[in-house]
Number of protein chains: 2
Amino acid sequence: MTQIDLSPKSCANCPIRPRAICSRCTADELLELDKIKYYKTYPAGASVVLMGDPMTFVASVVSGVATLSRSMIDGRMQMVGLLLPSDFIGRPGRDTASYDVTAVSELTLCHFHKKPFEKVTHATPHVQERLVEIALDELDAARDWMLLLGRKTAREKIASFLLICVRRLGRKEGEILQLELPLTRDAMSDYLGLTIETVSRQMAALKRDGVLVLEGTRKVTIPDLNRLLDEAGDDSDGATLA
Amino acid sequence: MTQIDLSPKSCANCPIRPRAICSRCTADELLELDKIKYYKTYPAGASVVLMGDPMTFVASVVSGVATLSRSMIDGRMQMVGLLLPSDFIGRPGRDTASYDVTAVSELTLCHFHKKPFEKVTHATPHVQERLVEIALDELDAARDWMLLLGRKTAREKIASFLLICVRRLGRKEGEILQLELPLTRDAMSDYLGLTIETVSRQMAALKRDGVLVLEGTRKVTIPDLNRLLDEAGDDSDGATLA
DNA sequence: TTGAGAACTTGATCAGGATCAAGGTTTGCC
DNA sequence: GGCAAACCTTGATCCTGATCAAGTTCTCAA
């Protein structure tokens, strides 16, 4: 809830992902966006919005992890998206949420009131273009996930998830990759369309087979990325690691 | 491949879905789009584009049915979208296809060369806005499908699919709903993340239980929409039937 | 009208993952 | 340091949907 650094530079975390667009924003535009933004922090487990709620803001993740999920009346649920720092939350042009957004760890968002935000973006075609691009990126990710949910085995699902985490969160320590899983086993099962028991068993199996090394329950080391790529079944070119 | 009706009105099937935008397009804009469009017909089973192909056009479906799909090297595949008349194909701002597009029945598309199309849309903010909207609609649909693929039973999947077909293709004949299924059992299985045998068995079960009446293999009658809604598990407000 | 191929159905069996049920570890708070 | 709650693992069993294997029904062209 603290207001920090209102200079144009701070737009590094504006809802339009940093590099791609801020390079094309004029100083005036950045200032305009800065005027209408505010930061807000949610504790782990907090609900950011519920499906059907009016959406009065758009936002980008500054730090922490959030999830998007849909659920059925009987309680079954499916995570439909994972939000990591720099990711965008919101639906320009829409006014109700169509999924639940939940903070998984402590979460800080950079909010923008929707109305003024839309007034700004309205006037700037390159921001509109960027919004199309963001939506198409998410669409691609969603469709990849459909392949995973519909056709992959439990082991492949776990491997694919690890691959995503490696791409976004992995650090190279010498020759090997390390990362901290952003989700509990329970949240992983919601994301992968599995049960927590299956997640646990498959993690154990991958460990047994030397695909990964576990330290505690969240710290993972990947000794051989190609091995993991194989296990994931397909998943395009994971070779392009950040 | 036949050129038809170049008057502004013919934009009824321009890649921007009819009602929502054409009402806001000026006659000049429509004419501009008309100049760069051409029609093309594909036989049933034909491939429109393959994943990875350069995408030199955008298009909208004039008649017929097409599918979007992704597949794994070992042949497993998952349909990630169903394209019916008025649906949009293409990725403004992207230049390679990220799924296969296949004609399921004889298919006629209204194509626009991408470069000139982008030149036109570039200059018109309301078209850009409409593109964001289209992308968000597809994203919502994709995420609904993720819930289906990850958490629904075979029977619920079939019921959900029928519901979608009813919404887009159903005709009310007196008090009951009729429709012609746009897909073979085989394509349905690809869409629902099932096998063809399971699709066949669950269709038989729904028929046995009086949820639907089959005439031949593609003609379906739904005697009670609420019954179908229940079977689909959740699926928001299917009450809003066209 | 007939025949071939595609599309669909039905049955028997199998297996991957769900479910049920303990028990073990971490984490954080007093 | 001790305790409770959350988180995770492991085992036994079950069940849904996959797989394998015939058949049957459409469709359409000769």
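At least one side-chain heavy atom of L212(A) sits under 4.5 Å from a side-chain heavy atom of K207(A).
Distance check, rounded to the nearest 0.5 Å: CZ of F88(A) to CG of L83(A) gives 11.0 Å. Atoms CG and CZ, from L179(A) and R218(A) in turn, are 11.0 Å apart once rounded to the nearest 0.5 Å. In this structure, CD in Q78(A) is found 11.5 Å from CZ in R143(B), a value given to the nearest 0.5 Å. Note that the OG1 atom of T153(A) and the CG atom of L148(A) stand 9.0 Å from one another [nearest 0.5 Å].
For R168(B) (side chain) and P85(B) (main-chain N/O), a donor-acceptor pair under 3.5 Å exists by modelled atom type. No donor-acceptor pair under 3.5 Å is formed between the side chain of R151(A) and the backbone N or O of R76(B).
Between F57(B) and H111(B), the ring-plane angle classifies as tilted under the 30° and 60° cut-offs.
As a whole-Å value, the separation of K207(A) NZ from dT9(D) P is 8 Å. Rounding to whole angstrom units, CG of residue D190(A) and C1' of dA18(C) are separated by 14 Å. The nearest whole Å value for the distance from the CD1 atom in I158(B) to the C1' atom in dC8(C) is 13 Å. Here the P atom of nucleotide dG24(C) and the CG atom of L214(A) are 20 Å apart, to the nearest Å. Distance CD (E215(A)) to C1' (dT25(C)): 15 Å, rounded to an integer number of Å. Regarding R185(B), its CZ atom lies at a distance of 12 Å from the P atom of dA7(C), rounded to whole Å. Between the CG atom of L181(A) and the C1' atom of dT26(C) there is a distance of 15 Å, rounded to whole Å. Separating the CG atom of L192(A) from the C1' atom of dG16(C) is a distance of 16 Å, rounded to the nearest angstrom.
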Start with the C-alpha gap between S189(B) and T195(B), add the side-chain angles, then the distance that decides, and say whether side-chain hydrogen bond (donor to acceptor under 3.5 Å, both in side chains) holds. CA-CA 5 Å; S189(B) 72; T195(B) 59; over 6 Å; no
Which nucleotides of nucleotides 11-19 of chain D have their base under 4.0 Å from a protein heavy atom (B), which only their sugar-phosphate (S), and which neither (-), written as one string 5' to 3'? BB----SSB
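Two end axes, each from the C1' atoms of five base pairs, can be drawn for the helix from dT1(C)-dA30(D) to dC30(C)-dG1(D); they diverge by 40°, to 10 degrees.
Within the 4.0 angstrom heavy-atom criterion, base atoms lie near S200(B).
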